[in-house]
Amino acid sequence: MNRPLAEFVDMLRYSNVPVSIGEAVDAARTIDLIGYSDKALLKSALSQVMAKTTDEMVNFDQCFDEFFSINTELDLGEDLENNLQEEENIDPAEQVSESLNALDENSSPSGAPMGGGAGGGSGDTDQSGTGNGSTSAENDGSLLSMLERADRTALTLSMTQAADAVGLSNIVLSTQRGLFTRRIVEEMGLSEVTREISNRRKADDETGAEELDRRLGILFDAVRDMVERQLALTSAGKSLEFRQDFLKKVSLSNIEHRDFKVMRDMVRKMAKRLTDMNSRVKKVKNRGHLDIRKTMRRNVAYDGLLFETHWKQKEKDRPKVYAVCDVSGSVAAVARFLLLFLYSMNEVLPNVRSFAFSGTLGEVTDLFDRYGPEQAVPEAIERFGGRSTDYGRAMEDFRDLVMNEIDNRTTVIFLGDGRSNGTDPRVDILREIKNKSKRVIWLNPERKNIWGSGDSEMNRITPNCTVAEVCNSLNKLELVIRNLLKTN
Amino acid sequence: MTVIDKEPLSAIEEIQSRFEKSGYICDRHIATSIYLSQKLDKPILVEGPPGVGKTELAKATADLMDADLIRLQCYEGLDESKALYEWKYGKQLLYTQILKEKLGDLLEDAVGLEASMDKLHTFGDHFFSEKFLETRPLLKALQSEKQCVLLIDEIDKSDHEFEAYLLEILSDYQITVPEIGTIKARTKPIVFLTSNNSREMGDALKRRCLHLYIPFPDAERERQIIKARVPEIDESLRNQLVEFVQQLRTQDLKKLPAVSETIDWARTLMLLHAENLDTELVRNTLNMLLKFEDDIDSMDPEVPKMVAAARKVNR
């Protein structure tokens with residue numbers, strides 16, 4: 001696989017298009033087949049090989065455009081190109097006379113400034129400098145000579161090589177821009193050029209020095225441009241990755257509002273993964289293979305003539321989950337994500353019923369059916385949140401609502417900090433629920449060492465649950481739900 | 001197979017023009033995908049809204065390659081016994097009953113259970129031979145000598161298990177039957193999978209396929225399609241009706257009208273000897289395009305405006 005393709009694959013991976021090795025190999029074969037000449041065709045072909053969903057297709061399009069636009073006019077910023085172009089155009093015309101002049105007079109006050117902003121007045125007085133320099137360093141490939149000759153191709157090549165050498169593709173943060181720019185120019189041979197400039201200054205060749213300085217400035221601009229673009233390519237993806245890693249671990253109640261969107265996507269992704277892992281837990285009936293043993297047994301009545309067939313059957317129940325969430329204050333943030341998680345998994349958890357309480361308790365399942373999890377959570381918090389928490393009251397309400405529907409296949413998840421403001425948390429009801437249900441899971445966003453302190457009733461609650469766990473980050477949440485599915 | 005042996009560009013163009021001749025209008029993207037799938041030996045996963053011609057593409061390709069089309073319609077609960085093979089249990093049972101006496105004769109001279117068993121073993125596994133094997137689409141596609149196009153339609157309707165089951169056939173063009181062994185494709189079939197995205201396909205499956213997304217066509221393409229499919233229709237009416245449908249697709253509807261619906265509508269208008277779109281006509285035939293009562297109701301007040309806009313096209 002060639003280098004540009006490898007870079008392109010890297011870039012796609014950062015932009016949320018997970019290209020597998022196999023797909024990259026296919027892409028290489030596709031390029032072999034089609035070649036680089038017809039860009040539209042190449043794009044349409046590669047998109048089919050590398051992007052496998054419509055979302056990925058959008059990202060792919062963007063990456064392709066960015067990537068290939070860079071590669072063609074490679075890294076030579078417009079300014080440099082234009083400026084040098086102009087200089088080159090001027091060069092041959094005046095070269096002969098100028099270079100001759102340059103031998104006797106150091107400063108030739110020749111005319112009109114050109115080359116836009118970068119050069120300023122020192123415009124084409126440069127020829128003197130050019131003459132001086134190029135006599136010594138004509139074709140040795142150093143940065144100095146390239147600048148003197150205004151050799152765009154060589155400069156571009158050298159820039160890319162230097163960028164590779166300093167590992168520009170690893171740039172992640174915008175604060176690294178300056179560093180990388182400097183490193184690249186240094187790699188290209190900055191020291192030699194600065195030495196030459198100061199030499200000229202010492203030798204009173206002010207215009208020559210200035211001109212070289214100007215050209216160096218243009219080069220810096222071009223390199224900065226290149227770095228900027230590379231940063232745009234990689235950092236968006238990478239920094240999102242960093243952020244997501246961080247968000248998985250951070251306490252849910254500390255997550256800022258602006259991160260909710262990222263969180264939602266993450267929850268959805270996690271839920272999907274769990275769904276995929278568990279979706280095989282399904283009912284298999286009247287299909288698959290003949291169950292010989294059962295068929296024989298069943299047909300004894302027909303004198304051993306195998307008359308009635310019987311098929312192997314597998315039945316596996318989907319867990320029935322009741323989620324009871326405290327939606328007051330700090331717990332609400334966790335509740336939001338727990339509910340979002342549970343409802344994102346409706347393929348494997350079709351029987352989730354949810355209840356919210358702070359003072360009184362009510363069922364919010366219909367909110368979820370109607371609005372979907374994203375709108376429903378704030379709605380539920382609005383409806384039931386904001387009052388002082390009363391676990392005893394909530395337990396009573398829960399008992400009245402659904403106690404007789406709880407059976408030995410039901411999992412009840414409580415989410416709350418167990419701080420009941422001094423009221424009786426009615427652990428007797430909790431015990432009753434535990435006896436009737438398959439299990440009771442209590443999730444508490446508080447750290448374990450403050451359980452039982454102050455008005456926390458966790459010490460009374462814990463013995464009446466199957467498990468009581470700390471749950472304050474997305475990682476923990478995933479773990480809990482993973483276990484929930486595994487043991488069913 | 002001559003088409004794809006040419007230079008890529010001309011091959012793709014040829015595919016496109018040959019499709020066009022057979023009445024399937026497509027853009028270069030689709031033709032590229034056919035070309036690539038042949039060159040890379042990869043199945044194509046075709047996605048897109050219903051009615052944009054995903055299944056048609058497979059049919060057109062079968063036509064183009066002069067291959068048989070073998071179609072497997074997926075549904076929830078589809079398993080290998082319906083898709084790949086099944087033992088003819090009935091036949092097996094029937095034969096054991098009929099051969100009961102025969103067996104008695106054969107085992108006559110054997111003394112004792114062990115000797116009878118030994119003798120039985122010498123007969124071989126007749127009941128699990130290919131004679132008792134009912135072939136289903138997948139197996140048929142593998143066994144076919146002639147090039148064939150295997151269309152696995154609406155793969156998203158099948159279960160995860162079945163999707164996993166397909167992986168072997170998709171990557172290696174072979175399938176393993178426990179009782180018989182591995183069956184390799186005699187001629188590699190051209191495989192199409194279509195999906196309406198009612199559920200996301202697994203990564204493993206997507207990795208093995210080219211991904212082709214067919215969106216609704218633009219006005220120009222749709223006019224070509226109507227021209228190919230309903231050639232009798234008058235040009236001005238064709239432009240108008242395509243414009244109208246294009247407008248409908250920008251609306252917020254439960255189900256957007258697809259190409260197949262446009263074709264049906266064009267045919268309807270032909271039957272009614274319409275020459276121009278008018279409000280009354282459109283209102284009466286709107287149910288050809290929109291398949292939900294809510295959609296029809298919500299569009300009803302918009303019809304005059306949209307008809308007027310559609311009629312402007314010709315001017």
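Order of the sequence lines fixes the chain letters, A, B, ..., with proteins taken first and strands second; residue numbering starts at 1 for each chain. Since the structure is predicted, the reported quantities are computational estimates derived from the model, not experimental observations.
- Note on B/Lys54 versus B/Asp153: no salt bridge recorded, every NZ/NE/NH1/NH2 to OD/OE distance being 4.0 Å or above.
- For the 3.5 Å distance criterion, the side chains of B/Ser158 and B/Glu76 fail to qualify, holding no donor opposite an acceptor.
- For B/Phe132 and B/Tyr95, the ring centers are positioned less than 6.0 Å apart.
- Between B/Phe162 and B/Tyr165, the ring-plane angle classifies as parallel under the 30° and 60° cut-offs.
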Show your working on side-chain hydrogen bond (donor to acceptor under 3.5 Å, both in side chains) between A/Gln48 and B/Thr32 and close with a plain yes or no.
-> CA-CA 9 Å; A/Gln48 295 179 18; B/Thr32 310; 5.4 Å; no
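- For A/Thr53, the parts lying near chain B are the backbone and the side chain together; criterion is any non-hydrogen pair under 4.5 Å.
- Contact annotation for B/Leu40: both backbone and side-chain heavy atoms come within less than 4.5 Å of a heavy atom of chain A.
- Interface check for chain B: of the options A/Leu41, A/Asp38, A/Asp26, the most heavy-atom pairs under 4.5 Å are formed by A/Leu41.
- Residue contact with chain A, scored on non-hydrogen atoms closer than 4.5 Å, involves the side chain of B/Leu36 exclusively.
- Residue with the most contacts toward chain A among B/Arg208, B/Glu47, B/Lys42: B/Lys42 (heavy-atom pairs, distance under 4.5 Å).
- Among all heavy-atom pairs drawn from B/Cys209 and B/Leu170, the shortest one is SG-CD1, 4.3 Å.
- For chain B, the nearby part of A/Ala51 is the backbone; its heavy atoms alone come within less than 4.5 Å.
- Salt bridge absent: B/Asp294 and B/Lys255 never bring a charged side-chain N and a carboxylate O closer than 4.0 Å.
- Per-residue counts of heavy-atom pairs under 4.5 Å with chain B were compared for A/Leu33, A/Val19, A/Thr30; the largest is that of A/Leu33.
- Contacts between A/Met50 and chain B at a heavy-atom distance below 4.5 Å are absent for every atom of the residue.
- Among A/Glu56, A/Lys52, A/Glu23, the residue making the largest number of heavy-atom pairs under 4.5 Å with chain B is A/Lys52.
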